[in-house]
Amino acid sequence: MAELHILGQLQCASKFYDKSFIFCRYSFQAGPNWTIVSGCPEGQTVSAKLDYEKTAVWAHPVDIHYVTKGVQGWPKLILQVSCLDTIGRSWIIGYGCCNLPAVPGPHTIHVNCWVPSAIKLTDKVRQYFVGGSHQLIQSDIVNLGLNRSKLNTQSKGTVQLQINLILRNFSQFGVEYK
Amino acid sequence: MNDFNRCNKVSGVYCLKHGISDLKITIKLKSQDSIISLPKFEDYSQGSNALKLDTTTEEYVFKWQEKIFSRWEVQRYIDEHNCITDDELKYHENVKNIDYTPGKIFTYVHEDYYLPLPYDTDKKSKKGIFNLETYLEQLNLNDPIGRVFGGEMISTMHLFSSDENVMDPVEWMAMHVVFDNSDYNEESQLIYKQEVTLLSLYHNLTQNYLIMTPDVNNLELNPYSVETPSGVQWGYQYAIDVEFHNLEDGEELVMLLNKLHKRWDRKHKHFVNFHMPPPGKRQYYVALEILTAEGFDMDNLYIEFNIKVPEELQCEDTLHGRTHTSVANFIDFTEEWTFGHSLELIIEADSGTDPPPLKLFFEAISTDWWGRHRTEGYAYLPLPLVPGHYTKTMSCRRPEELDIVTARSRRFFLGGCHLIKDLNVLIDPHSKNANFTFTTTGTITIRWNVISQSRMGNIGSTSAVSSSCGASTASALLRGAEAALYKYKQARARLAAATKQLVEPSGDGFVKY
């Protein structure tokens, strides 16, 4: 049985210009062959204030240990970036997804985020003055490679992930990853 | 507190895994430690002065439905004239044939019908308060209602009657262990009958469970006292113990261990069985992401992708699709469209051959507020199936008319560009007689992972991977060494088989050639 260790941190978010405090909910998802031995695959970062470079640093630690009986369903990271306004309201300002690399060693991954955009003028005006956003009812669309051409979105910033990957016993099963 | 101590008898319900025939009931009886049980002065006036209490414990063991006769039952059944029914005649035979010495404790079995069953279904069905049919019969309303609803054939009548027939008839079998405190004269004739039930066992034959009243207890810690229903104690304490299945200690342990081993084995196989490609095949797992697009003229952009798999490879995944439509994010006066569209491909190839690269075609398309879709640029990427993690920014281009005025006018008034029907022109532009030029537009950034997997011990696939990777990895070397060792063993076995007859010694001690 092969093993994968994911060690690292959700480093920061950048280019989210419109809000002052942002935080992120994350979830590692893998196929049915994969089983978590230790670590929490889901979590939420702290709420961080954007600095003068419009970067919010979370430095949220990630430590997950998977065992697997197949390479299919390699783990993915799914992100949901939310903002927190001055009166305590929060809403989603970005969805993002990335495949984790299969090459052992350190990696810096930039996850590009997007959010469903307001189509109607009234929605745009309300979001501009009052706040809030459209949200996905089925969030699976973020990580599944389905045809989503009818979804209109607004491009948002990026989340930076710094991870170290350790792979074990994959070679025993004839797996080549680099 | 006194009431609590007196009411320490609680019932127990046991689900039986096996039959009840192996049931073994043990009653331990001892006289109660009280002032009544103290020895009399006369008993010790001539003997030693040591004060000894009579605390001997009597133990009675019964099987399920084992009939033990009391003293008055022996007197009754020994006379044949008292026996009328078949059971009584059977008891008469038993008492007559066996020299019976009745004790303090005896049993009533199910055939005796002395004590009631815990749940009389017939009684309930006849006297139940919710029995609608009974009420209808009592009120003589059955016929009028039947006439109103059109007789018993209609479903409404079944509805009325169905509530009572939901429960199947429940069969019970009972056994009672009874303490005999009756008074007898010198000829064992019954003077005054006094008996109290120590233990009642009710076996539900339908559901196969056992109700014990009272439950199993401990003689030292929680003894039951022998007392009448009104609470008069008869100076004895007792304890109950039940053994359900007469398995040997080791046998049960072996059964448990076997079950545990089976479960462990199943779980172990579930984890250890690594998914492998079929023999002679190599699988490639490609995880592709379309990340961003930059530098295009128009907004509301989406990427349409088309993946062409060479004939030598097999892929059953979706090879065509579109990302979502994205509105640009302005960063440092440049527009960036983010997608984060991921797709996974599982590609199968023959091992031992270099797999040809996949052909990826991308088309950036913008939409305007009229809903028109206009192509902004094309990109092509040959994706080699080399294991690793890669990021690539592709330049897009769009075909434009040779006449620059026509091209600009078309671009200004209509937008978009010539549509390429055959995308192979992107692979080799010279192969087509195209009367247009290509203009560079924006860029598309993609990221992909390739993992390959094949069965171990395949030299051909190893060499293929090594050649395609350009640099052999440690695992590939290890696999190559193992494969070479395997081949060597095979060759040695073949040599041994071939030379076996040649060097076989004959009976006279010489070697035949």
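All values derive from a computational prediction rather than experimental measurement. Note on naming: letters A, B, ... go to the chains in the order of the sequence lines (proteins, then strands), and numbering restarts at 1 for each one.
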A.B. asks: Of all heavy-atom pairs between B/Trp337 and B/Asn300, which one has the smallest distance, and what is that distance?
C.D. replies: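 B/Trp337 and B/Asn300 have their closest heavy atoms at NE1-N, 3.9 Å.
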A.B. asks: Tell me, for A/Lys150 versus chain B, whether the close heavy atoms (under 4.5 Å) come from the side chain, the backbone, both or neither.
C.D. replies: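 Neither part; nothing is under 4.5 Å.
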A.B. asks: Can a donor-acceptor pair be found between the side chains of B/Ser366 and B/Glu376 at a distance below 3.5 Å?
C.D. replies: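 B/Ser366 vs B/Glu376: donor-acceptor pair found between side chains.
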A.B. asks: Does any heavy atom of chain A fall under 4.5 Å from the side chain of B/Ala328, the backbone, both, or neither of them?
C.D. replies: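 Contact with chain A is through the backbone of B/Ala328 alone.
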A.B. asks: Is A/Glu176 salt-bridged to B/Arg282, cutoff N-O under 4.0 Å?
C.D. replies: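 Not counted as a salt bridge, because no side-chain N and carboxylate O are separated by less than 4.0 Å.
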A.B. asks: Verify side chain to side chain contact (heavy atoms under 4.5 Å, CB included) between A/Asn152 and B/Thr367, making sure each step is shown before the conclusion.
C.D. replies: CA-CA 11 Å; A/Asn152 291 297; B/Thr367 55; 5.6 Å; no
A.B. asks: Flag the pair B/His324 / B/Phe339 as yes when their ring centroid distance falls below 6.0 Å, and as no otherwise.
C.D. replies: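 Yes - the distance between ring centres of B/His324 and B/Phe339 falls below the 6.0 Å cut-off.
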A.B. asks: Is the centre of the A/Phe170 ring less than 6.0 Å from the centre of the A/Trp74 ring?
C.D. replies: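 Yes.
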A.B. asks: Of all of A/Ser117, A/Cys113, A/Gly157, which one pairs up most often with chain B through heavy atoms under 4.5 Å apart?
C.D. replies: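 Greatest number of close heavy-atom pairs with chain B: A/Cys113.
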A.B. asks: Would you mind telling me which of B/Arg447, B/Gln283, B/Glu335 has the largest number of heavy-atom pairs within less than 4.5 Å of chain A?
C.D. replies: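 Heavy-atom pair counts peak at B/Arg447.
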A.B. asks: Does B/Glu316 CD have over 12 foreign heavy atoms under 6.0 Å away?
C.D. replies: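 Open.
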A.B. asks: Among A/Val142, A/Val103, A/Val71, which residue forms the greatest number of heavy-atom pairs with chain B at distances under 4.5 Å?
C.D. replies: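 When all of A/Val142, A/Val103, A/Val71 are compared, A/Val71 has the most.
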A.B. asks: Identify which part of B/Ile346 has an atom lying under 4.5 Å from any heavy atom of chain A, answering side chain, backbone, both or neither.
C.D. replies: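 Only the side chain of B/Ile346 comes within 4.5 Å of chain A.
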A.B. asks: Run A/Arg126 and A/Asp123 through salt bridge (charged side-chain N to carboxylate O under 4.0 Å, His left out) and show every step you take.
C.D. replies: CA-CA 5 Å; A/Arg126 193 180 68 240; A/Asp123 290 339; 3.2 Å; yes
A.B. asks: Evaluate the criterion side chain to side chain contact (heavy atoms under 4.5 Å, CB included) for residue pair B/Lys308 and B/Phe361; output intermediate values, then yes/no.
C.D. replies: CA-CA 8 Å; B/Lys308 288 190 176 175; B/Phe361 298 95; 3.7 Å; yes
A.B. asks: For chain B, which residues from residues 89-102 of chain A have at least one heavy atom closer than 4.5 Å to it?
C.D. replies: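 Counting heavy atoms that sit under 4.5 Å from chain B, the residues of residues 89-102 of chain A involved are A/Cys97, A/Cys98, A/Asn99, A/Leu100, A/Pro101, A/Ala102.
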A.B. asks: Assess the side chains of B/Thr375 and B/Glu363: does a donor N or O sit below 3.5 Å from an acceptor N or O?
C.D. replies: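 Note: B/Thr375 and B/Glu363 side chains meet the donor-acceptor criterion.
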A.B. asks: Using heavy-atom distances under 4.5 Å, tell me whether B/Phe330 contacts chain A through its side chain, its backbone, both, or neither.
C.D. replies: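 Only the backbone of B/Phe330 comes within 4.5 Å of chain A.
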A.B. asks: Check each atom of A/Asn33 against the heavy atoms of chain B and say whether the ones under 4.5 Å are side chain, backbone, both or neither.
C.D. replies: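 A/Asn33 touches chain B through side-chain heavy atoms alone.
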A.B. asks: What part of B/Tyr302 is in contact with chain A, defined as an atom under 4.5 angstrom from a non-hydrogen atom: side chain, backbone, both or neither?
C.D. replies: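 Looking at B/Tyr302, nothing touches chain A.
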A.B. asks: Any Lys/Arg nitrogen of B/Lys281 or B/Asp350 sitting under 4.0 Å from an Asp/Glu carboxylate oxygen of the other?
C.D. replies: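 Yes, B/Lys281 and B/Asp350 are salt-bridged.
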A.B. asks: Which of the residues B/Asp317, B/Leu343, B/Thr323, B/Leu288 is involved in the greatest number of heavy-atom pairs with chain A at under 4.5 angstrom?
C.D. replies: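 It is B/Thr323.
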